[in-house]
A.B. asks: 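Please read through the structure below; I'll follow up with questions.
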Amino acid sequence: MTTETTVSIDSREQLDALLVDHERVLVMVRTAGCTICKSMAPILDGVARSTDATVVEFNPREDLDAVADFAVRSVPTFLLFVDGDLVDRRADGFVPTDDLAAFADGA
């Protein structure tokens, strides 16, 4: 099961539940004040509609252990999970729709 829009979460518990229920999950780790993250919103929705990935915005403001667990050093950081396992990551700022869709598809 995938979603047609971006899912917003703010805890590792919510993320873990999504990883159990969805085969392929693309997570954008963000903060509230990140302007690049805000500009990614329509791109994330496009990726959610055009790929088999469940697309998630994760603002771990109350869950800093998750930041450490995933070695997040900057935002946005994109994490790709397949079958619950972290298989790829990228942290290079703004990512165009086609590039992010290819990343979500594992290409």
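Source: prediction; values computed, not measured.
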A.B. asks: How long is the straight-line distance from CG of Asp85 back to CG of Leu19, given to the nearest 0.5 Å?
C.D. replies: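 Leu19 atom CG to Asp85 atom CG measures 9.0 Å (nearest 0.5 Å).
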A.B. asks: If the condition is side chain to side chain donor-acceptor pair (under 3.5 Å), which residues does Ser8 pass it with, not counting sequence neighbours?
C.D. replies: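 Per chain and number, Ser8 pairs via side chain to side chain donor-acceptor pair (under 3.5 Å) with no residue.
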A.B. asks: About how many Å separate CG of Leu26 and OG1 of Thr54, when rounded to the nearest 0.5 Å?
C.D. replies: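 Spacing of OG1 (Thr54) from CG (Leu26) equals 9.5 Å.
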A.B. asks: Which heavy atom in Ala91 sits nearest to a heavy atom in Thr77, and how many Å separate them?
C.D. replies: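 Looks like CB-OG1, 3.7 Å.
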A.B. asks: Do Pro60 and Val29 have side-chain heavy atoms sitting under 4.5 Å apart?
C.D. replies: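 Answer yes - side chains close enough.
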A.B. asks: Could you tell me whether a side-chain N or O of Asp63 sits under 3.5 Å from a main-chain N or O of Arg12, the two making a donor and an acceptor?
C.D. replies: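 Checking the backbone N and O of Arg12 against the side chain of Asp63, a donor-acceptor pair under 3.5 Å is found.
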A.B. asks: So which atom in Ala101 and which in Ser50 form the shortest heavy-atom distance, rounded to 0.1 Å?
C.D. replies: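 In this case the closest contact between Ala101 and Ser50 is CB-OG, 4.3 Å.
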A.B. asks: Enumerate the salt bridge (charged side-chain N to carboxylate O under 4.0 Å, His left out) contacts for residues 28-40, please, sequence neighbours excluded, ordered by first and then second residue.
C.D. replies: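 Listed once each, the pairs are Arg30-Glu57.
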A.B. asks: Drop me the distance from Met28's CE to Phe58's CZ, to the nearest 0.5 angstrom.
C.D. replies: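 It is 12.0 Å, given to the nearest 0.5 Å.
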A.B. asks: Output the distance between atom CG (Asp69) and atom CG (Leu15), rounded to the nearest 0.5 Å.
C.D. replies: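 So the gap between those two atoms works out to 10.5 Å.
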A.B. asks: Say you draw a straight line from OG1 of Thr51 to CG of Leu100; how long is it, rounded to the nearest 0.5 Å?
C.D. replies: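 Going from OG1 on Thr51 over to CG on Leu100, the span is 8.5 Å.
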A.B. asks: Can you measure from SG (Cys34) to CG (Asn59) and round to the nearest 0.5 angstrom?
C.D. replies: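 Here the interatomic distance stands at 10.0 Å.
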A.B. asks: Count the heavy atoms belonging to other residues, nucleotides or ligands that lie under 6.0 Å from CG of Asp16, then report whether that count exceeds 12.
C.D. replies: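 Check passes, neighbour count above 12.
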A.B. asks: Consider side-chain contact (heavy atoms from CB on, under 4.5 Å). Of His22, Glu23, Arg24, which one does Asp83 pass it with?
C.D. replies: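 The passing option is Glu23.
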A.B. asks: Which ring-ring contact (aromatic ring centres under 6.0 Å, His included) pairs, counting each pair once, include a residue from residues 60-80, with sequence neighbours left out?
C.D. replies: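 Sorted pair list: Phe70-Phe81.
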A.B. asks: If I compare all heavy atoms of Ser39 with all of Ile36, which pair ends up nearest, and what's the gap?
C.D. replies: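 Smallest interatomic distance, heavy atoms only, reads OG-O, 2.7 Å.
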A.B. asks: Do Leu86 and Leu80 have side chains that approach each other closer than 4.5 Å (heavy atoms only, starting at C-beta)?
C.D. replies: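 Heavy-atom side-chain distance check fails, nothing below 4.5 Å.
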A.B. asks: With side-chain contact (heavy atoms from CB on, under 4.5 Å) as the criterion, how do Leu18 and Val56 come out once you've worked through the C-alpha distance, each side chain's angles and the decisive distance to 0.1 Å?
C.D. replies: CA-CA 9 Å; Leu18 279 169; Val56 177; 3.6 Å; yes
A.B. asks: Would you please test Val95 and Arg90 for side-chain contact (heavy atoms from CB on, under 4.5 Å) and show each step?
C.D. replies: CA-CA 10 Å; Val95 181; Arg90 66 186 292 173; 3.8 Å; yes
